[in-house]
Number of protein chains: 2
Amino acid sequence: MSQTVDRALSILPLLAEGPADLGQVADRLGVHKSTALRLLRTLHEHGFVYRQSDQRYRLGARLFALAQEAVENLDVREIAHPHLVRLNEECGHTVHLAVYEENEVLYIDKVESRYPVRMYSRIGKPVAITVAAVAKLLLADLPEAERRAVAEKLDYPTYTSRSTPNAPAFLKELAKVREQGWATDLGGHEESINCVAAPIRGTDGRVVAAMSVSAPNVVVTADELLTLLPSVRRTADAVSREYSGRTPAPDTV
Amino acid sequence: MSQTVDRALSILPLLAEGPADLGQVADRLGVHKSTALRLLRTLHEHGFVYRQSDQRYRLGARLFALAQEAVENLDVREIAHPHLVRLNEECGHTVHLAVYEENEVLYIDKVESRYPVRMYSRIGKPVAITVAAVAKLLLADLPEAERRAVAEKLDYPTYTSRSTPNAPAFLKELAKVREQGWATDLGGHEESINCVAAPIRGTDGRVVAAMSVSAPNVVVTADELLTLLPSVRRTADAVSREYSGRTPAPDTV
DNA sequence: ATGAGTGTTGCAGGGAGTGCAACACGCCTG
DNA sequence: CAGGCGTGTTGCACTCCCTGCAACACTCAT
């Protein structure tokens with residue numbers, strides 16, 4: 001919409017890949033060096049990029065601080081956190097909290113497993129949207145039209161033999177998830193990792209977030225993990241109640 | 001430098017305080033609504049802001065994902081992390097890693113205390129720069145001129161009776177820290193919390209990061225905490241060695 | 001020294017962003 | 001239901017700000 005801003009913002013993901021010098025930035029933006037320089041300067045003044053001692057640019061600290069502030073302001077996260085901790089204390093496995101936003105699902109909170117063998121994940125990382133249990137719950141609740149549109153647009157990488165293969169299969173799975181009110185991912189992302197997830201709803205019943213328990217099957221089998229479903233659902237419901245009670249106007253997140 | 005970009009970027013910290021609608025954004029920027037709208041649209045397209053169901057804007061997920069990616073790419077952090085974990089296993093207290101960047105010191109990694117009573121802090125949060133032990137180490141290593149300039153410019157909030165009161169006192173403290181090669185914060189930020197910190201150096205001997213162990217004095221007295229100084233220094237030195245060995249060109253971070 | 005490779009700085013032209021005013025919409029009130 | 005707010009949105013001229021160029025400064029190699 002705004003050319004200058006558009007270019008400036010395009011620099012950031014570019015630098016996220018790693019530090020780059022002026023020439024590289026200019027090339028990848030397709031603009032003159034002097035133009036890139038001025039954009040970088042503006043970003044620099046705001047602390048969004050940082051200039052290393054070797055003159056190359058990389059993402060700056062302010063960006064990081066901003067993001068932290070943003071995520072801390074998410075109501076659901078704040079409310080859910082103690083519940084996640086309690087669930088973790090109860091079962092010992094990794095507990096995740098995720099939200100949906102603009103074709104992406106991402107973890108906004110996490111409590112680490114207390115077992116030595118842990119699942120790898122990180123807060124802020126976009127989730128494997130076609131297979132993750134939390135993603136299924138969040139997408140299953142979208143309005144029909146949007147759900148179809150999103151499903152069509154997605155890629156369906158075959159992480160494992162049990163990954164969701166394509167849009168129709170995904171939509172079918174979403175229908176099932178929507179019906180039953182909970183979801184699983186049994187080795188669809190990583191062969192040896194299983195998850196079981198439940199939705200968190202706002203006052204209007206819309207799914208605002210989803211939480212899951214994940215564990216590698218060297219620790220517990222899929223069947224054993226499924227026995228945790230009731231406590232996961234109980235926890236999610238408790239969060240829903242608290243969330244609904246506290247927020248007067250229901251936000252999408 | 002670039003007006004449009006400048007304005008657009010100013011929106012982000014503004015939204016970090018909380019969601020805002022178009023009018024509020026326009027007012028605080030001092031521009032016409034239509035201008036603000038176009039800036040917000042551009043930010044939106046890049047996923048930096050998100051539009052809630054009530055039409056208000058807040059910071060978007062991409063921002064968060066970007067920041068995570070950025071911090072994961074920091075070499076020091078990657079190298080230091082296992083060492084921090086080991087130190088935590090050894091002593092049980094909260095371990096922090098911090099860097100300096102453009103008049104700010106911020107935590108880039110943290111291992112939580114294993115004691116029930118913990119110090120509050122968060123990754124990405126700017127550190128109380130005039131009192132924190134890690135901040136002292138990072139600032140003490142700046143070139144004389146810059147160090148003075150920064151010290152003059154800072155505020156000196158009196159968090160407690162033992163907080164650094166003003167620039168001269170701070171510079172004196174920095175000189176001492178520089179001399180001895182380690183630093184402490186004994187109740188300068190929170191009355192009941194003590195820290196002991198050591199520097200991490202790059203190939204050229206410049207301080208690139210600092211790490212600390214913190215504990216409330218209900219868990220250990222300041223004196224007891226000081227007995228950990230040798231292991232903190234040992235750990236920091238180990239990180240320094242590994243970091244120097246691995247990075248061919250020394251970066252400021 | 002000499003050159004290639006950087007990053008940096010005026011400058012003039014024109015395209016891009018700006019503010020205005022008018023419009024569209026939802027929401028409340030009488 | 002009409003009317004009146006308070007929003008967010010769009011078209012359109014004007015002009016200002018951004019752009020690309022070319023020349024300059026600087027640091028490394030060889």
Side-chain angles (χ1 to χ4, degrees), chain A residues 1-12 14-15 17-60 102 143 203-204 206 247-253, chain B residues 1-12 14-15 18-60 102 143 202-204 206 247-253:
Chain A
M1 218 81 259
S2 165
Q3 189 189 67
T4 317
V5 178
D6 186 47
R7 286 171 171 172
L9 295 180
S10 304
I11 293 178
L12 297 176
L14 192 156
L15 290 183
E17 297 169 19
D21 63 31
L22 180 61
Q24 294 171 320
V25 172
D27 282 351
R28 293 202 42 187
L29 279 186
V31 300
H32 193 93
K33 276 190 306 175
S34 57
T35 305
L37 178 68
R38 282 181 281 247
L39 295 175
L40 281 165
R41 272 224 263 262
T42 311
L43 289 168
H44 179 87
E45 271 174 23
H46 284 260
F48 285 81
V49 308
Y50 177 72
R51 195 131 198 217
Q52 300 182 341
S53 52
D54 61 356
Q55 295 218 94
R56 290 189 305 165
Y57 295 90
R58 61 169 181 71
L59 295 180
E102 316 260 336
T203 33
D204 54 358
R206 292 288 309 275
T247 52
D251 287 342
T252 307
V253 164
Chain B
M1 217 83 258
S2 165
Q3 189 190 66
T4 317
V5 178
D6 186 47
R7 286 172 171 172
L9 295 181
S10 304
I11 292 178
L12 298 175
L14 193 155
L15 291 183
D21 63 31
L22 180 61
Q24 295 170 319
V25 172
D27 282 351
R28 294 203 40 187
L29 279 185
V31 298
H32 197 265
K33 276 190 305 176
S34 58
T35 305
L37 178 69
R38 282 181 283 247
L39 296 175
L40 282 164
R41 273 224 262 262
T42 311
L43 289 167
H44 179 88
E45 270 174 23
H46 285 260
F48 284 76
V49 307
Y50 178 72
R51 195 131 197 217
Q52 299 184 342
S53 51
D54 61 357
Q55 294 219 95
R56 290 189 305 165
Y57 295 90
R58 62 168 180 71
L59 295 181
E102 318 257 337
T203 34
D204 54 359
R206 292 288 308 275
T247 51
D251 286 343
T252 307
V253 165

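Only a predicted model underlies this, so the values are computations on that prediction, with no experimental measurement involved. Proteins come first, then strands; the chains are lettered A, B, ... in the order of their sequence lines, and each starts at number 1.
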Toward the 5' end of DNA chain C, by each residue's nearest nucleotide, Gln55(A) or Thr4(B): Gln55(A)
Please check this pair: side chain of Ser2(A) against backbone of Thr42(B), looking for a donor-acceptor N/O pair closer than 3.5 Å. no
Nearest-Å distance for atom pair CG/P, residues Asp21(B) and dG26(C): 18 Å
Could you pull out the closest heavy-atom pair between Leu29(A) and Arg7(A), with the gap in Å? CD2-O, 3.7 Å
Separation of dG17(C) atom P from Ile11(B) atom CD1, nearest Å, is 14 Å
To the nearest 0.5 Å, how far apart are CZ in Arg56(B) and CG in Leu15(B)? 10.5 Å
From the 5' end of DNA chain D to its 3' end, which nucleotides mark the outer limits of contact with chain B, defined by a 4.0 Å heavy-atom distance cut-off (strictly under)? dG8(D) to dC18(D)
Closest contact, heavy atoms only, Tyr50(B) versus His44(B): CA-ND1, 4.3 Å
Neighbours of DNA chain C within residues 29-41 of chain B, by heavy-atom distance under 4.0 Å: Val31(B), His32(B), Ser34(B), Thr35(B), Arg38(B)
Short side-chain to backbone donor-acceptor contact, Gln24(B) and Asp21(B), under 3.5 Å: yes
For Leu22(B) and Lys33(B), work out which heavy atoms get closest and say how close. CD1-O, 3.8 Å
Shortest non-hydrogen contact from Leu43(A) to Ala8(A)? CD1-O, 3.7 Å
Rounded to whole angstrom units, what separation is found between the CZ atom of Arg7(A) and the P atom of dG15(C)? 13 Å
Report yes or no: does His46(A) contribute a side-chain atom to a donor-acceptor pair with the main-chain N or O of Phe48(A) at less than 3.5 Å? no
Of Ser2(A) and Tyr57(A), whose nearest nucleotide on DNA chain C comes first from the 5' end? Tyr57(A)
